[in-house]
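First up is the structure itself, then whatever we jot down about it.
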Amino acid sequence: MNNRALYDFMDAKYFNKQELTQILPLCRQLLLLTKDVVQKGDFRDIKNTIENAIKEGHLQRSKYGINPVIHSIETAILLSDKVSPDRNMIIAILLHDLCKADYFTADDVENKWGYDVAKLVKGLLKAFSLYSRQAAVESDNFRNLLLTFAEDIRVIIIMIVERLALMRAINHHSNEKFVQDVAYEANYLYAPLAHRLGLYVIKSELEDLSLKYTNREKFTEIARKLNETKVERDEYISSFIGPVKKKLEEAGLVFEIKGRTKSIYSIWNKMRKQKNDIDGIFDLFAIRVILD
């Protein structure tokens, strides 16, 4: 998809003013992240398919105003950036809303983009259908059922990444109940799934955003305090790492050592459990040593 094609894509009346400023940078970012995995013509064919679906009225916004085209591109970008660029997963992300909207079938996807893409699309449709029939998504039983029902673990990864994209998009959304519901589901369902699959960065962001949307005052308080003490904390972590790194090097080990401040959600949990404010919480740091 060249720049001219991207501009053509922007011309659709389907996008509002804000989205028109987003779509070109988003498409360019996706192109850059996936240039080594997509095949020639993939994005051109997908763009043409989406444009036709829009013109025929098949790709409607959600009842909460979420644009499915923008949302799917943002999800594909997140997958490429936070997990790994994968051609078939990216195409499935960009196409599955078209199948949900009955624009074409999973068999049509297989004929055009191959069996594996169709398998992922079918898995997404199946998992979301289960999801729509359940109320208690916060239960361990539902998490286990979803893992079994999806069949392919890549489907679960897509669902987790999609939820992070949604969480990022709904900050200051006008429907407070919708935001609260999404935040609770992220915390009870998607963050534990992300943790189980080793997607720790995504898990932490889901939890942080969940706290932000359900208790913005406490989230802001902790974030402000961490920002005020950032220089001091960075110096402390560096001084702690120094002697540990030296000993590991003397032992002849091949390793990687990282230091970080624990997530806002994790700190908030400690404050609740210890019934203390942030100044009384001393376990704010984590040092990770990864050995070869």
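Since the model is a prediction, treat every value here as computed from it, not as a measurement. All residue numbers in this chain count up from 1 along the given sequence.
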- Item | salt bridge (Lys or Arg N to Asp or Glu O under 4.0 Å) partners of E221, counting only residues at least two apart | K218
- Message: What I want to find out is whether E151 reaches K126 closely enough, with some N-O distance under 4.0 Å, to be called a salt bridge.
- Response: yes
Scan the side chains in residues 155-167 for donor-acceptor partners under 3.5 Å anywhere in the protein, sequence neighbours excluded, and list what turns up.
from: E162; atom 1: OE2; to: H71; atom 2: NE2; distance (Å): 2.7
from: R163; atom 1: NH1; to: E185; atom 2: OE1; distance (Å): 3.1

- Task: Identify, with sequence neighbours excluded, every residue that meets salt bridge (Lys or Arg N to Asp or Glu O under 4.0 Å) alongside K122.
- Result: none
- Any donor-acceptor N/O pair, D108 side chain to T105 backbone, under 3.5 Å: yes
- Message: Please enumerate all residues that pass ring pair (Phe, Tyr, Trp, His ring centres under 6.0 Å) together with Y115, with sequence neighbours excluded.
- Response: none
- Using 4.0 Å as the upper bound for N to carboxylate O, is an ion pair formed by D116 and R87? no
- Message: Using a 6.0 Å distance limit plus a 45 degree cone around the ring axis, check whether K262 lies over the aromatic ring of F285.
- Response: no
- side-chain hydrogen bond (donor to acceptor under 3.5 Å, both in side chains) filter on K212, not counting sequence neighbours, yields none
- Query: Are E235 and R233 within salt-bridge range, i.e. N to O under 4.0 Å?
  - Reply: no
- Message: Just by distance, no angles: are the side chains of R272 and N269 close enough, under 3.5 Å, to form a donor-acceptor pair?
- Response: yes
- By ring pair (Phe, Tyr, Trp, His ring centres under 6.0 Å), which residues pair with Y200, not counting sequence neighbours? H195
- Item | Presence of salt bridge, R168 and E205, under 4.0 angstrom | yes
